[in-house]
Protein chains: 2
Amino acid sequence: MKALSQVGKYGLRAILYLVANPSEGQYMSIRQISDNLKLSFHFITKIFRELTEKGILISYRGPSGGIALAKPADQIMLIDVVKALEGEDYFDKCLIGLPHCGIAKPCPVHEFWKETKIQLQKNFAETSLATLGEKIRTQEVRLDE
Amino acid sequence: MKALSQVGKYGLRAILYLVANPSEGQYMSIRQISDNLKLSFHFITKIFRELTEKGILISYRGPSGGIALAKPADQIMLIDVVKALEGEDYFDKCLIGLPHCGIAKPCPVHEFWKETKIQLQKNFAETSLATLGEKIRTQEVRLDE
DNA sequence: CTTTATTAAGATAAAATACTCTTAAATAGG
DNA sequence: CCTATTTAAGAGTATTTTATCTTAATAAAG
(Lines give C-alpha, C1' and ligand atoms only; values in the text may rest on other atoms or scores of the structure.)
Protein backbone atom coordinates (compact mmCIF):
# COMPACT_ATOMS: atom_id res chain seq x y z
CA MET A 1 0.00 0.00 0.00
CA LYS A 2 1.70 3.09 -1.30
CA ALA A 3 -0.03 6.01 0.40
CA LEU A 4 2.49 8.73 -0.39
CA SER A 5 4.10 9.90 -3.64
CA GLN A 6 7.87 10.30 -3.82
CA VAL A 7 7.34 13.98 -3.11
CA GLY A 8 5.43 13.04 0.04
CA LYS A 9 7.97 10.45 1.18
CA TYR A 10 11.03 12.59 0.57
CA GLY A 11 9.36 15.73 1.87
CA LEU A 12 8.39 14.06 5.12
CA ARG A 13 11.81 12.52 5.62
CA ALA A 14 13.50 15.84 4.94
CA ILE A 15 11.31 17.84 7.28
CA LEU A 16 11.73 15.19 9.96
CA TYR A 17 15.49 15.49 9.62
CA LEU A 18 15.08 19.21 10.15
CA VAL A 19 13.01 18.84 13.32
CA ALA A 20 15.29 16.12 14.65
CA ASN A 21 18.32 18.40 14.36
CA PRO A 22 17.19 21.79 15.62
CA SER A 23 19.71 24.62 15.53
CA GLU A 24 18.58 27.46 17.74
CA GLY A 25 17.48 30.39 15.59
CA GLN A 26 19.53 29.30 12.61
CA TYR A 27 18.65 28.09 9.14
CA MET A 28 19.59 24.60 8.06
CA SER A 29 20.93 24.25 4.53
CA ILE A 30 19.12 21.99 2.11
CA ARG A 31 22.47 20.55 1.13
CA GLN A 32 23.00 19.24 4.66
CA ILE A 33 19.63 17.53 4.62
CA SER A 34 19.95 16.02 1.15
CA ASP A 35 23.50 14.82 1.83
CA ASN A 36 22.60 13.23 5.14
CA LEU A 37 19.47 11.52 3.88
CA LYS A 38 21.06 10.73 0.50
CA LEU A 39 18.25 12.39 -1.41
CA SER A 40 18.50 14.54 -4.52
CA PHE A 41 19.40 18.09 -3.54
CA HIS A 42 17.42 19.59 -6.41
CA PHE A 43 14.38 17.47 -5.78
CA ILE A 44 14.30 18.35 -2.09
CA THR A 45 14.82 22.01 -2.97
CA LYS A 46 11.77 21.93 -5.18
CA ILE A 47 9.70 20.19 -2.51
CA PHE A 48 10.80 22.68 0.14
CA ARG A 49 9.91 25.56 -2.15
CA GLU A 50 6.32 24.29 -2.16
CA LEU A 51 6.35 23.89 1.62
CA THR A 52 7.63 27.45 1.90
CA GLU A 53 4.86 28.73 -0.37
CA LYS A 54 2.35 26.89 1.79
CA GLY A 55 3.63 28.44 4.97
CA ILE A 56 5.10 25.34 6.58
CA LEU A 57 8.69 26.49 6.14
CA ILE A 58 10.53 29.76 5.81
CA SER A 59 13.65 30.13 3.72
CA TYR A 60 16.57 32.48 3.57
CA ARG A 61 19.04 32.87 0.70
CA GLY A 62 22.74 33.46 0.80
CA PRO A 63 25.57 32.25 3.04
CA SER A 64 24.37 30.66 6.27
CA GLY A 65 20.90 30.67 4.72
CA GLY A 66 18.67 27.65 4.41
CA ILE A 67 15.25 26.67 5.64
CA ALA A 68 13.52 26.54 9.00
CA LEU A 69 10.09 25.75 10.37
CA ALA A 70 7.66 28.66 10.02
CA LYS A 71 6.23 27.88 13.47
CA PRO A 72 7.47 26.09 16.59
CA ALA A 73 7.59 22.35 16.01
CA ASP A 74 4.93 21.68 18.63
CA GLN A 75 2.49 23.81 16.65
CA ILE A 76 2.88 21.93 13.38
CA MET A 77 0.96 18.71 13.20
CA LEU A 78 1.97 15.83 10.96
CA ILE A 79 -1.34 16.15 9.14
CA ASP A 80 -0.47 19.72 8.11
CA VAL A 81 2.73 18.56 6.45
CA VAL A 82 1.09 15.59 4.74
CA LYS A 83 -1.74 17.72 3.38
CA ALA A 84 0.72 20.36 2.17
CA LEU A 85 2.70 17.67 0.35
CA GLU A 86 -0.15 15.55 -1.01
CA GLY A 87 -3.08 17.92 -1.28
CA GLU A 88 -5.80 19.15 1.05
CA ASP A 89 -8.14 16.40 -0.20
CA TYR A 90 -5.74 13.71 0.92
CA PHE A 91 -8.26 12.01 3.22
CA ASP A 92 -11.27 12.50 0.95
CA LYS A 93 -10.66 9.97 -1.78
CA CYS A 94 -12.69 6.88 -2.64
CA LEU A 95 -10.52 3.76 -2.63
CA ILE A 96 -11.79 2.57 -6.02
CA GLY A 97 -12.03 6.08 -7.46
CA LEU A 98 -15.79 6.62 -7.62
CA PRO A 99 -16.32 10.39 -7.72
CA HIS A 100 -19.65 10.38 -5.87
CA CYS A 101 -18.76 7.83 -3.23
CA GLY A 102 -19.95 8.99 0.19
CA ILE A 103 -22.61 8.36 2.82
CA ALA A 104 -25.41 8.75 0.28
CA LYS A 105 -23.85 6.56 -2.40
CA PRO A 106 -21.21 4.41 -0.72
CA CYS A 107 -18.98 2.16 -2.83
CA PRO A 108 -18.60 -1.49 -1.82
CA VAL A 109 -15.49 -0.79 0.26
CA HIS A 110 -16.51 2.61 1.59
CA GLU A 111 -16.87 1.58 5.23
CA PHE A 112 -13.52 -0.17 5.43
CA TRP A 113 -11.74 2.66 3.78
CA LYS A 114 -13.45 5.30 5.85
CA GLU A 115 -12.48 3.51 9.05
CA THR A 116 -8.88 3.26 7.85
CA LYS A 117 -8.68 6.89 6.83
CA ILE A 118 -10.19 8.13 10.09
CA GLN A 119 -7.72 6.17 12.13
CA LEU A 120 -4.70 7.46 10.25
CA GLN A 121 -6.06 10.99 10.10
CA LYS A 122 -6.55 10.98 13.87
CA ASN A 123 -3.02 9.80 14.49
CA PHE A 124 -1.60 12.39 12.13
CA ALA A 125 -3.69 15.17 13.60
CA GLU A 126 -2.60 14.37 17.15
CA THR A 127 1.10 14.13 16.42
CA SER A 128 3.27 17.23 16.26
CA LEU A 129 6.62 17.56 14.57
CA ALA A 130 8.08 18.24 18.02
CA THR A 131 6.96 14.81 19.21
CA LEU A 132 8.47 13.10 16.20
CA GLY A 133 11.69 15.11 16.44
CA GLU A 134 12.11 14.04 20.04
CA LYS A 135 11.51 10.39 19.16
CA ILE A 136 14.18 10.55 16.49
CA ARG A 137 16.65 12.31 18.78
CA THR A 138 16.26 9.69 21.50
CA GLN A 139 16.72 7.02 18.83
CA GLU A 140 13.38 5.51 19.63
CA VAL A 141 12.79 5.61 15.87
CA ARG A 142 15.04 6.09 12.85
CA LEU A 143 15.12 8.21 9.75
CA ASP A 144 17.82 6.54 7.71
CA GLU A 145 17.99 3.18 5.92
CA MET B 1 -4.81 9.04 0.17
CA LYS B 2 -4.50 7.10 -3.04
CA ALA B 3 -3.96 3.50 -2.04
CA LEU B 4 -4.63 1.81 -5.38
CA SER B 5 -3.24 2.36 -8.87
CA GLN B 6 -5.65 2.75 -11.78
CA VAL B 7 -5.10 -0.94 -12.48
CA GLY B 8 -6.20 -1.71 -8.93
CA LYS B 9 -9.20 0.60 -9.01
CA TYR B 10 -10.49 -0.51 -12.39
CA GLY B 11 -9.69 -4.16 -11.72
CA LEU B 12 -11.61 -4.13 -8.46
CA ARG B 13 -14.59 -2.34 -9.95
CA ALA B 14 -14.67 -4.75 -12.88
CA ILE B 15 -14.46 -7.88 -10.77
CA LEU B 16 -17.12 -6.50 -8.43
CA TYR B 17 -19.41 -5.96 -11.41
CA LEU B 18 -18.83 -9.58 -12.31
CA VAL B 19 -19.71 -10.90 -8.85
CA ALA B 20 -22.71 -8.59 -8.58
CA ASN B 21 -24.18 -9.96 -11.82
CA PRO B 22 -23.70 -13.71 -11.65
CA SER B 23 -24.86 -15.77 -14.62
CA GLU B 24 -25.13 -19.41 -13.66
CA GLY B 25 -22.34 -21.36 -15.31
CA GLN B 26 -21.84 -18.82 -18.08
CA TYR B 27 -19.01 -16.51 -18.99
CA MET B 28 -19.50 -12.78 -18.88
CA SER B 29 -18.00 -10.82 -21.76
CA ILE B 30 -15.43 -8.14 -20.96
CA ARG B 31 -17.31 -5.85 -23.33
CA GLN B 32 -20.41 -5.98 -21.11
CA ILE B 33 -18.37 -5.04 -18.07
CA SER B 34 -16.41 -2.23 -19.71
CA ASP B 35 -19.54 -0.79 -21.34
CA ASN B 36 -21.54 -0.85 -18.13
CA LEU B 37 -18.80 0.62 -15.96
CA LYS B 38 -17.65 2.97 -18.75
CA LEU B 39 -14.09 1.75 -18.54
CA SER B 40 -11.68 1.12 -21.40
CA PHE B 41 -12.33 -2.31 -22.90
CA HIS B 42 -8.68 -2.86 -23.80
CA PHE B 43 -7.43 -1.76 -20.42
CA ILE B 44 -9.82 -4.05 -18.56
CA THR B 45 -8.92 -6.88 -20.93
CA LYS B 46 -5.28 -6.48 -20.01
CA ILE B 47 -6.05 -6.36 -16.30
CA PHE B 48 -8.23 -9.46 -16.54
CA ARG B 49 -5.49 -11.30 -18.39
CA GLU B 50 -3.27 -10.79 -15.37
CA LEU B 51 -5.99 -11.93 -13.01
CA THR B 52 -6.45 -15.02 -15.18
CA GLU B 53 -2.72 -15.77 -15.07
CA LYS B 54 -2.84 -15.43 -11.30
CA GLY B 55 -5.70 -17.87 -10.96
CA ILE B 56 -8.39 -15.46 -9.80
CA LEU B 57 -10.34 -15.67 -13.08
CA ILE B 58 -10.79 -18.15 -15.87
CA SER B 59 -11.39 -17.08 -19.44
CA TYR B 60 -12.89 -18.62 -22.53
CA ARG B 61 -12.48 -17.38 -26.10
CA GLY B 62 -15.00 -17.28 -28.90
CA PRO B 63 -18.73 -16.61 -29.13
CA SER B 64 -20.46 -16.66 -25.74
CA GLY B 65 -17.00 -16.66 -24.20
CA GLY B 66 -15.76 -14.23 -21.60
CA ILE B 67 -14.46 -14.45 -18.07
CA ALA B 68 -15.66 -15.99 -14.83
CA LEU B 69 -14.39 -16.45 -11.30
CA ALA B 70 -11.98 -19.36 -10.96
CA LYS B 71 -13.57 -20.30 -7.62
CA PRO B 72 -16.94 -19.73 -5.95
CA ALA B 73 -17.28 -16.11 -4.88
CA ASP B 74 -17.42 -17.03 -1.20
CA GLN B 75 -13.98 -18.60 -1.49
CA ILE B 76 -12.26 -15.53 -2.92
CA MET B 77 -11.39 -12.88 -0.38
CA LEU B 78 -11.03 -9.23 -1.23
CA ILE B 79 -7.41 -9.38 -0.10
CA ASP B 80 -6.66 -12.02 -2.75
CA VAL B 81 -7.87 -9.72 -5.51
CA VAL B 82 -6.08 -6.67 -4.15
CA LYS B 83 -2.80 -8.55 -3.81
CA ALA B 84 -3.15 -9.98 -7.31
CA LEU B 85 -3.72 -6.49 -8.67
CA GLU B 86 -1.17 -4.55 -6.63
CA GLY B 87 1.45 -7.09 -5.65
CA GLU B 88 1.89 -9.61 -2.87
CA ASP B 89 3.88 -7.08 -0.84
CA TYR B 90 0.94 -4.68 -0.78
CA PHE B 91 0.77 -4.53 3.02
CA ASP B 92 4.51 -4.60 3.62
CA LYS B 93 5.58 -1.11 2.65
CA CYS B 94 7.01 1.65 4.83
CA LEU B 95 4.95 4.83 4.56
CA ILE B 96 7.99 7.03 3.97
CA GLY B 97 9.81 4.44 1.87
CA LEU B 98 12.59 3.33 4.22
CA PRO B 99 13.71 -0.10 3.01
CA HIS B 100 14.68 -1.44 6.46
CA CYS B 101 11.74 -0.05 8.38
CA GLY B 102 10.36 -2.69 10.74
CA ILE B 103 10.22 -3.67 14.41
CA ALA B 104 14.00 -3.49 14.75
CA LYS B 105 14.41 -0.16 12.98
CA PRO B 106 11.03 1.57 12.96
CA CYS B 107 10.60 4.82 11.06
CA PRO B 108 8.96 7.75 12.87
CA VAL B 109 5.49 6.84 11.60
CA HIS B 110 5.86 3.08 11.71
CA GLU B 111 3.37 2.45 14.52
CA PHE B 112 0.61 4.56 12.97
CA TRP B 113 1.07 3.01 9.60
CA LYS B 114 1.26 -0.52 10.96
CA GLU B 115 -1.99 -0.03 12.85
CA THR B 116 -3.66 1.33 9.72
CA LYS B 117 -2.42 -1.47 7.51
CA ILE B 118 -3.44 -4.18 9.96
CA GLN B 119 -6.95 -2.80 10.19
CA LEU B 120 -7.44 -2.64 6.43
CA GLN B 121 -5.78 -5.98 5.88
CA LYS B 122 -8.09 -7.60 8.44
CA ASN B 123 -11.18 -6.14 6.78
CA PHE B 124 -10.01 -7.26 3.35
CA ALA B 125 -9.11 -10.74 4.57
CA GLU B 126 -12.50 -11.25 6.18
CA THR B 127 -14.57 -10.06 3.24
CA SER B 128 -15.41 -12.40 0.37
CA LEU B 129 -16.45 -11.40 -3.10
CA ALA B 130 -19.76 -13.13 -2.40
CA THR B 131 -20.45 -10.74 0.46
CA LEU B 132 -19.67 -7.71 -1.66
CA GLY B 133 -21.69 -9.03 -4.61
CA GLU B 134 -24.70 -9.44 -2.37
CA LYS B 135 -24.32 -5.93 -0.99
CA ILE B 136 -24.24 -4.52 -4.50
CA ARG B 137 -27.23 -6.58 -5.62
CA THR B 138 -29.36 -5.39 -2.71
CA GLN B 139 -28.27 -1.83 -3.51
CA GLU B 140 -26.80 -1.40 -0.07
CA VAL B 141 -23.73 -0.10 -1.89
CA ARG B 142 -23.07 1.09 -5.42
CA LEU B 143 -20.55 0.45 -8.14
CA ASP B 144 -21.28 3.26 -10.56
CA GLU B 145 -20.73 7.01 -10.37
C1' DC C 1 32.92 45.66 -5.07
C1' DT C 2 33.86 40.90 -5.53
C1' DT C 3 33.46 36.34 -4.28
C1' DT C 4 31.05 32.67 -2.31
C1' DA C 5 27.09 30.33 -0.51
C1' DT C 6 22.70 29.69 -0.68
C1' DT C 7 17.57 29.27 -2.34
C1' DA C 8 14.23 30.37 -6.52
C1' DA C 9 12.55 29.35 -10.82
C1' DG C 10 11.81 27.02 -14.63
C1' DA C 11 13.43 24.18 -18.58
C1' DT C 12 14.59 19.72 -19.72
C1' DA C 13 15.12 14.71 -19.43
C1' DA C 14 14.05 10.16 -17.87
C1' DA C 15 11.12 6.79 -16.10
C1' DA C 16 6.87 4.96 -14.77
C1' DT C 17 2.10 4.60 -15.42
C1' DA C 18 -1.93 4.73 -18.03
C1' DC C 19 -4.15 3.93 -22.06
C1' DT C 20 -4.86 2.52 -27.18
C1' DC C 21 -4.30 -0.07 -31.24
C1' DT C 22 -3.38 -3.98 -34.15
C1' DT C 23 -3.03 -8.64 -35.07
C1' DA C 24 -3.36 -13.43 -33.60
C1' DA C 25 -5.72 -17.35 -31.62
C1' DA C 26 -9.73 -19.86 -30.21
C1' DT C 27 -14.35 -21.41 -30.72
C1' DA C 28 -19.35 -21.45 -31.74
C1' DG C 29 -22.69 -21.79 -35.20
C1' DG C 30 -24.35 -21.76 -39.79
C1' DC D 1 -15.37 -24.58 -44.27
C1' DC D 2 -16.57 -19.83 -43.38
C1' DT D 3 -17.87 -16.10 -40.60
C1' DA D 4 -18.62 -13.77 -36.44
C1' DT D 5 -17.37 -13.24 -31.68
C1' DT D 6 -14.53 -13.24 -28.22
C1' DT D 7 -9.97 -13.15 -25.37
C1' DA D 8 -4.53 -13.11 -25.86
C1' DA D 9 -0.50 -10.85 -26.75
C1' DG D 10 2.27 -7.34 -27.40
C1' DA D 11 3.52 -3.03 -29.77
C1' DG D 12 2.79 1.68 -29.63
C1' DT D 13 1.37 6.27 -27.72
C1' DA D 14 0.16 9.64 -24.22
C1' DT D 15 0.33 11.43 -19.75
C1' DT D 16 2.07 11.96 -15.29
C1' DT D 17 5.59 11.62 -12.08
C1' DT D 18 10.21 11.79 -10.86
C1' DA D 19 14.57 13.66 -11.28
C1' DT D 20 18.20 16.71 -13.17
C1' DC D 21 20.25 20.80 -14.97
C1' DT D 22 20.95 25.64 -15.78
C1' DT D 23 20.52 30.26 -14.70
C1' DA D 24 18.88 33.97 -11.70
C1' DA D 25 18.33 36.24 -7.32
C1' DT D 26 19.78 37.13 -2.64
C1' DA D 27 22.84 38.05 0.92
C1' DA D 28 27.09 37.49 3.90
C1' DA D 29 31.87 38.47 4.41
C1' DG D 30 36.17 40.05 3.06
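Proteins get letters first, then strands, A, B, ... in listed order; numbering begins at 1 in each. Side-chain atoms are counted along with the backbone in the values below, which use heavy atoms only and exclude waters and symmetry mates. Please read all numbers here as calculations on a predicted model, not as lab measurements.
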| request: Any chance you could measure B:Gln121, atom CD, to B:Phe91, atom CZ, to the nearest 0.5 Å? | output: 5.0 Å

Table of protein N/O atoms under 3.5 Å from nucleotides 12-18 of chain D N/O atoms:
unit_1, atom_1, unit_2, atom_2, d
D:dT18, OP1, A:Gln6, N, 3.0

| query | Who passes salt bridge (charged side-chain N to carboxylate O under 4.0 Å, His left out) against B:Asp144, sequence neighbours left out? | reply | B:Arg142

| A:Lys83 vs A:Phe124 side-chain heavy atoms within contact, under 4.5 Å | no

| request: For residues B:Ile33 and B:Met28, report the shortest heavy-atom separation together with the two atoms involved. | output: CG1-SD, 3.4 Å

| task | Would you mind listing every ring pair (Phe, Tyr, Trp, His ring centres under 6.0 Å) that reaches into residues 50-69 of chain B, with sequence neighbours excluded? | result | B:Tyr27-B:Tyr60

| What parts of residues 60-70 of chain A reach DNA chain D, counting only heavy atoms under 4.0 Å away? | A:Tyr60, A:Arg61, A:Gly62, A:Pro63

| said: Tell me every residue that passes side-chain hydrogen bond (donor to acceptor under 3.5 Å, both in side chains) with B:Thr52, counting only those two or more places apart in sequence or in another chain. | reply: none

When the side chains of residues 103-115 of chain B are checked against the rest of the protein, which donor-acceptor pairs come out under 3.5 Å, sequence neighbours left out?
unit_1, atom_1, unit_2, atom_2, d
B:Lys105, NZ, A:Glu145, OE1, 2.7
B:Trp113, NE1, B:Lys93, O, 2.9
B:Glu115, OE2, A:Gln119, NE2, 3.2

| Sequence neighbours excluded - salt bridge (Lys or Arg N to Asp or Glu O under 4.0 Å) pairs with any residue from residues 124-141 of chain B | B:Lys122-B:Glu126, B:Glu134-B:Arg137

Donor-acceptor pairs under 3.5 Å, side chain of residues 38-48 of chain A to any protein atom, not counting sequence neighbours: which ones?
unit_1, atom_1, unit_2, atom_2, d
A:Ser40, OG, A:His42, N, 3.4
A:Ser40, OG, A:Phe43, N, 3.0
A:Thr45, OG1, A:Phe41, O, 2.7

| task | Would you mind listing every salt bridge (Lys or Arg N to Asp or Glu O under 4.0 Å) that reaches into residues 20-37 of chain B, with sequence neighbours excluded? | result | none

Show me the donor-acceptor pairs within less than 3.5 Å that the side chains of residues 2-17 of chain A make with the rest of the protein, sequence neighbours left out.
unit_1, atom_1, unit_2, atom_2, d
A:Ser5, OG, A:Val7, N, 3.4
A:Ser5, OG, A:Gly8, N, 3.2
A:Ser5, OG, A:Glu86, OE2, 2.9
A:Gln6, NE2, A:Tyr10, OH, 3.0
A:Arg13, NH1, B:Ile96, O, 3.0
A:Tyr17, OH, A:Gln32, NE2, 3.2
A:Tyr17, OH, A:Asn36, ND2, 3.2

| Heavy-atom pair of closest approach, residues B:Leu37 and B:Leu143 | CD2-O, 4.1 Å

| Which two nucleotides bound the region of DNA chain C that has atoms under 4.0 Å from heavy atoms of chain A, read 5' to 3'? | C:dT4 to C:dA11

| query | What are the residues of residues 14-42 of chain B, sorted by number, that bring a heavy atom to within less than 4.0 Å of DNA chain C? | reply | B:Ser40, B:His42

| message | Measure NZ/A:Lys9 against C1'/D:dA19 and give the value in whole Å, please. | response | 15 Å

